[in-house]
Amino acid sequence: MSAHPYADLHLHSNHSDGGDAPEAVVARAAKLGVAAISITDHDQVSANPIAAKAAAQAGITYLNGTELTARYRYLSVDVLGYR
(Lines give C-alpha, C1' and ligand atoms only; values in the text may rest on other atoms or scores of the structure.)
Protein backbone atom coordinates (compact mmCIF):
# COMPACT_ATOMS: atom_id res chain seq x y z
CA MET A 1 0.00 0.00 0.00
CA SER A 2 1.05 3.57 -0.62
CA ALA A 3 2.61 5.65 2.16
CA HIS A 4 -0.39 7.94 1.69
CA PRO A 5 -3.58 5.86 1.70
CA TYR A 6 -6.33 6.98 -0.64
CA ALA A 7 -10.06 7.31 -0.07
CA ASP A 8 -12.82 7.50 -2.66
CA LEU A 9 -15.98 8.95 -1.15
CA HIS A 10 -18.05 9.29 -4.32
CA LEU A 11 -18.75 5.90 -5.86
CA HIS A 12 -21.89 4.47 -7.45
CA SER A 13 -23.17 0.91 -7.59
CA ASN A 14 -25.84 -0.79 -9.64
CA HIS A 15 -28.34 0.36 -7.01
CA SER A 16 -28.41 3.61 -9.03
CA ASP A 17 -26.42 4.44 -12.16
CA GLY A 18 -23.25 2.41 -11.51
CA GLY A 19 -22.44 -0.79 -13.31
CA ASP A 20 -21.29 -3.06 -10.50
CA ALA A 21 -22.87 -4.61 -7.42
CA PRO A 22 -21.75 -3.09 -4.10
CA GLU A 23 -19.56 -6.12 -3.35
CA ALA A 24 -17.76 -5.67 -6.68
CA VAL A 25 -17.16 -1.98 -5.97
CA VAL A 26 -15.58 -2.92 -2.65
CA ALA A 27 -13.50 -5.69 -4.23
CA ARG A 28 -12.15 -3.31 -6.85
CA ALA A 29 -11.24 -0.73 -4.19
CA ALA A 30 -9.44 -3.42 -2.17
CA LYS A 31 -7.53 -4.57 -5.25
CA LEU A 32 -6.43 -0.99 -5.91
CA GLY A 33 -5.32 -0.49 -2.30
CA VAL A 34 -7.91 2.16 -1.45
CA ALA A 35 -8.11 2.59 2.34
CA ALA A 36 -11.64 4.01 2.64
CA ILE A 37 -14.72 4.27 0.43
CA SER A 38 -18.32 5.44 0.37
CA ILE A 39 -20.98 4.38 -2.09
CA THR A 40 -23.09 7.45 -2.78
CA ASP A 41 -25.84 6.17 -5.02
CA HIS A 42 -28.42 8.69 -6.23
CA ASP A 43 -31.24 9.37 -3.77
CA GLN A 44 -30.99 6.06 -1.91
CA VAL A 45 -28.96 4.14 0.64
CA SER A 46 -29.78 0.52 -0.22
CA ALA A 47 -26.19 -0.40 -1.14
CA ASN A 48 -24.73 0.80 2.17
CA PRO A 49 -25.37 -2.26 4.39
CA ILE A 50 -24.10 -4.59 1.67
CA ALA A 51 -20.98 -2.53 0.99
CA ALA A 52 -20.27 -1.97 4.69
CA LYS A 53 -20.24 -5.73 5.31
CA ALA A 54 -18.01 -6.38 2.29
CA ALA A 55 -15.67 -3.55 3.29
CA ALA A 56 -15.32 -4.90 6.83
CA GLN A 57 -14.38 -8.29 5.41
CA ALA A 58 -11.86 -6.65 3.04
CA GLY A 59 -10.31 -4.46 5.74
CA ILE A 60 -11.47 -1.19 4.15
CA THR A 61 -12.98 1.68 6.12
CA TYR A 62 -16.54 2.32 4.98
CA LEU A 63 -18.59 5.50 5.35
CA ASN A 64 -22.34 5.35 4.67
CA GLY A 65 -23.34 7.84 2.01
CA THR A 66 -25.83 9.01 -0.56
CA GLU A 67 -26.07 11.59 -3.33
CA LEU A 68 -29.21 13.64 -2.87
CA THR A 69 -30.78 15.56 -5.74
CA ALA A 70 -31.90 19.05 -4.76
CA ARG A 71 -33.96 21.27 -7.04
CA TYR A 72 -34.97 24.90 -6.83
CA ARG A 73 -36.84 26.38 -9.75
CA TYR A 74 -34.64 25.66 -12.80
CA LEU A 75 -31.53 24.71 -10.83
CA SER A 76 -30.64 21.13 -9.94
CA VAL A 77 -27.66 20.18 -7.81
CA ASP A 78 -26.40 16.98 -6.25
CA VAL A 79 -25.40 17.06 -2.60
CA LEU A 80 -23.28 14.32 -1.04
CA GLY A 81 -24.32 13.19 2.43
CA TYR A 82 -22.38 10.96 4.78
CA ARG A 83 -23.10 9.25 8.07
**Request:** Evaluate whether atom OH of Tyr72 has more than 12 neighbouring non-hydrogen atoms of other residues, nucleotides or ligands under 6.0 angstrom away.
**Result:** no
Shortest non-hydrogen separation from [X] to [Y] and the atoms involved:
{"X": "Tyr82", "Y": "Leu9", "result": "OH-O, 2.6 Å"}
{"X": "Pro22", "Y": "Asn14", "result": "CD-OD1, 3.8 Å"}
{"X": "Ala7", "Y": "Val34", "result": "CA-CG1, 4.0 Å"}
{"X": "Ala47", "Y": "Ile39", "result": "CB-CG2, 4.0 Å"}

**Request:** Find out whether Ile50 and His15 are in side-chain contact, i.e. whether some heavy atom of one side chain is under 4.5 Å from a heavy atom of the other.
**Result:** yes
**Message:** Does any part of the side chain of Glu67, heavy atoms only, come nearer than 4.5 Å to the side chain of His12, both counted from C-beta?
**Reply:** yes
**Message:** Between Asn48 (side chain only) and Gly65 (backbone N and O only), is there a donor and an acceptor less than 3.5 Å apart?
**Reply:** yes
**Item:** Contact list for residues 71-80, test salt bridge (charged side-chain N to carboxylate O under 4.0 Å, His left out), sequence neighbours left out
**Value:** none
**Message:** With ring-ring contact (aromatic ring centres under 6.0 Å, His included) as the rule and sequence neighbours excluded, what pairs involving residues 16-36 come up?
**Reply:** none
**Asked** Please, which pairs that meet side chain to side chain donor-acceptor pair (under 3.5 Å) have at least one residue in residues 26-45, sequence neighbours excluded?
**Response** Ser13-Asp41, Ser16-Asp41, Asp17-His42, Asp20-Arg28, Asp43-Thr69, Gln44-Ser46
**Prompt:** Is there a path from Leu32 to Ile37 through hydrophobic residues (I, L, V, M, F, W, Y) whose side chains come within less than 4.5 Å of each other?
**Reply:** yes
